[in-house]
Amino acid sequence: MSNRWKPDLKWSDVTPKPLWLNRRQIMTGAAALAAAPLAGPARAQLAAAPSQYSTDEAPNSLEDITAYNNFYEFGTGKEDPSRYADGLTIDPWSVVIDGLVDKPGTYDFADLVKDQPLEERIYRFRCVEAWSMIVPWVGFELAGLLNRVGVQPGAKFVAFETLVRPDEMPGQKSPFIEWPYREGLRLDEAMHPLTIMATGLYDAPIPRQNGAPIRLIVPWKYGFKSIKSIVRISLVDTMPPTTWNMLQPSEYGFYANVNPTVDHPRWSQASERRVGSGLFGGRQDTLMFNGYEAEVASLYAGQDLSVDY
Ligand code: MTE
């Protein structure tokens, strides 16, 4: 069962650390440095601890992860983000945290991540377009940040927004999305230990095309929930509007849990193509909740997931 996530299996159980370091050096090397020079908010994340939450599957290459992207602020083509994201200013960067919190404010990136324990999380990533990757993120649990700012009792959802800066994000000159890109989670989903804020990829700061300097990762949901380049986090009491649901509510619900038994109206979600596995290989069955069923199914007890899709 090598493609199942094993919650009781530690990274150190599968790969001795020296080997892990060597492999990492081989896989990233110069490419990682070129993709993400160490500057500014970048001061990320080179000493992240491995995590018990990681899958034991082999990660995709840095090239797969940074050259085949969805980031509509830079265009709708898969290569547009890697082509056009270079011009995005990520230093300075700040995030507004507001709504039902004890300590609302505008947090500088460095202050936001200060004291949050960084871990490497090797996660399955399943896009709603039925492709997938294995990605070694570096980040910290969103719960840690929310606890630090103090969630008030009335808060039921967390809303996220991406930067709006059409001068640097050419895709924003097209109004087909009502910018900013928006996403949301129910509070219990946001507080789940699998939900992280990523600031790094492999051993370097997260590249711009992947959502620098900080993005959300919710591994049991379709990739579109994992909003990039976040500038606002709001604690709210009603279900917030989300970009894909606003665009096409019959195709994209609020929950967007990976679910092989609920097809997209225009295609099956039962299987997926693993990016980087070649033309003829790599098609595999999609797992319920993207393989994280044991951890998250209880969040949805009593819900009809064909209605709450
Ligand atoms: N976040 C923003 N701000 N804009 C986007 O267009 N695309 C989403 C998500 N986050 C998107 C976004 C979609 S559809 C996917 S599949 C993932 O980002 C892709 O993440 P990746 O490029 O790092 O693989």
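Both counts, for ligands and for their atoms, begin at 1 and track the order of listing. Fair warning: this is a prediction, and the values are worked out from it, not measured in the lab.
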Indicate the atoms forming the closest heavy-atom contact of Leu305 with Phe289, along with that distance.
CD1-CZ, 3.8 Å
Against ligand 1, does [X] come closer than 4.0 Å with any heavy atom?
X      : answer
Tyr222 : no
Arg215 : yes
Ser229 : no

Check whether [X] reaches the backbone of [Y] with its side chain - one donor and one acceptor, N or O, closer than 3.5 Å.
X      : Y      : answer
Gln209 : Asn70  : no
Ser268 : Ala270 : yes
Arg124 : Pro219 : no

Examine [X] against ligand 1 and note whether any of their N/O atoms are separated by less than 3.5 Å.
X      : answer
Trp244 : no
Lys228 : yes
Asn69  : yes

Basic-acidic side-chain contact under 4.0 Å: Glu141, Arg121:
yes
protein heavy-atom neighbour closest to atom 5 (C) of ligand 1 works out as Tyr181 CE1, 3.3 Å
Should Glu295 and His192 be marked as a side-chain hydrogen bond (donor to acceptor under 3.5 Å, both in side chains) after you check the CA-CA gap, both sets of side-chain angles, and the distance that decides it?
CA-CA 9 Å; Glu295 279 57 55; His192 194 280; over 6 Å; no
